K.L.:
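Structure provided below as structure tokens; questions to follow.
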Number of protein chains: 2
Amino acid sequence: MKLNTKSRYAVMALADMAVFSSDNAVSLRDISLRQGISLLYLEQIFLRLKKNNIVKSVRGINGGYILVKSPKELKISDILSALDQKVKTIGCKKDSKKSCNGKSTKCITHNFWDELDIHINSFFENKKLSDLLKNREARI
Amino acid sequence: MKLNTKSRYAVMALADMAVFSSDNAVSLRDISLRQGISLLYLEQIFLRLKKNNIVKSVRGINGGYILVKSPKELKISDILSALDQKVKTIGCKKDSKKSCNGKSTKCITHNFWDELDIHINSFFENKKLSDLLKNREARI
DNA sequence: ATATACCCGACTAAAATAGTCAAGTTTTTG
DNA sequence: CAAAAACTTGACTATTTTAGTCGGGTATAT
């Protein structure tokens, strides 16, 4: 049960921005160097973050990205959904044809999976970007 | 963020056993028919459940599998760990070389991922197989 | 002008997943 | 005792997902 790297890197990169911004835009190059994430990969990730209005971009020299909301207001769940990282712990839906077909004997565990999804989602809903920065260790 | 089918089928199959047992062993063939899971696949799954002492087997005609513990005592987390379904939402460990290397600036989100793992694991720790059967809808 | 940095779709290699196959062994029952 | 039911086990394979790269852009500050 894993999170994909796109989501992880997105959270890392945005946390990095929250720490290192200071009004001016933060370039992907800087994030790439600090966090050790490929620049090309970051571009792909930020493309999606931008489309989903998590960040806005500033083009040209000294350009980069800026957080749309403050870290205090940015929910982790917003970041994950920007990257299509759905928390749907199983593939089978009550009313889907695939692998379950909705008969009660066939998938007697449905309610359980639903509860699980809710449990995990509520974690992401209740965490803000700023929460991640609180107890980090000394930085460079 | 998904659970693999092995884990899902394992939980389904064990729930099926809890419902349909009645002292005698439950054959994989019956589970396969009721739950619509490939018999061959179930064999693979039960091999692991047996190795991890979740079920015991009865060979020969009228054989099958029996739950080692009662559904009230069987934790879902036991089932998942029997199938190596670790809840480790990210690949990078504080002291690993890979993708993170432990420097505080590089992975400022570590505490967060740890919290997430704990959050999910506690869900599985606190659920018993019997809990899944409580609010299931009418069966055949 | 030109270097810096964002923009964007297409592509690919590697890993994980889901599931099958083959070739057994054990035990009950007719 | 023969035969069928049912467990045992490792190896194999096709498909899907993931992670990450490539190439060729466009915008803008200096």
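Small disclaimer: the values here were computed from a predicted structure and weren't measured.
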K.L.:
Of all the nucleotides listed (D:dC7, C:dT28, D:dA29), which has the minimum atom distance to the side chain of A:Ile61?
P.N.:
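Nucleotide nearest to A:Ile61's side chain: D:dA29.
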
K.L.:
To the nearest angstrom, how far is B:Ile66 atom CD1 from D:dA6 atom C1'?
P.N.:
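Distance, rounded to whole Å: 13 Å.
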
K.L.:
NZ of A:Lys50 versus C1' of C:dC8: gap in Å, rounded?
P.N.:
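Rounded to the whole Å, the gap is 11 Å.
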
K.L.:
Roughly how many Å is it from CD1 in A:Ile31 to C1' in C:dT4, rounded to a whole number?
P.N.:
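Result: 16 Å.
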
K.L.:
Taking CG from A:Leu42 and P from C:dC8, how many angstroms apart are they, rounded to a whole number?
P.N.:
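Atom CG in A:Leu42 sits about 17 Å away from atom P in C:dC8.
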
K.L.:
Using whole Å, report how far CG of A:Leu28 lies from P of D:dG20.
P.N.:
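It is 16 Å, rounded to the nearest whole Å.
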
K.L.:
Taking the side chain of A:Lys51 as heavy atoms from C-beta outward, which of C:dA5, D:dA6, C:dG9 is closest to it?
P.N.:
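Minimum distance to the A:Lys51 side chain belongs to C:dG9.
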
K.L.:
What one-letter contact string describes nucleotides 15-25 of chain C from 5' to 3', where B marks a base within less than 4.0 Å of any protein heavy atom, S marks contact via sugar-phosphate atoms alone, and - marks no contact?
P.N.:
---BBBB--BB

K.L.:
When we call it a touch if two heavy atoms are under 4.0 Å apart, what does B:Tyr65 touch: a base, just sugar-phosphate, or nothing?
P.N.:
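Sugar-phosphate contact only - B:Tyr65 comes under 4.0 Å of backbone atoms but never of a base.
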
K.L.:
Round to the nearest Å and state the distance from A:Leu83 atom CG to D:dG20 atom P.
P.N.:
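The answer, rounded to whole Å, is 14 Å.
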
K.L.:
Within this structure, what is the CD1-to-P distance between A:Ile45 and D:dA19, rounded to whole angstrom?
P.N.:
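Rounding to the nearest Å, CD1 of A:Ile45 and P of D:dA19 are 9 Å apart.
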
K.L.:
Using atom CG of A:Leu49 as one end and atom C1' of C:dC7 as the other, report the distance to the nearest whole Å.
P.N.:
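One finds 14 Å between C1' of C:dC7 and CG of A:Leu49, rounded.
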
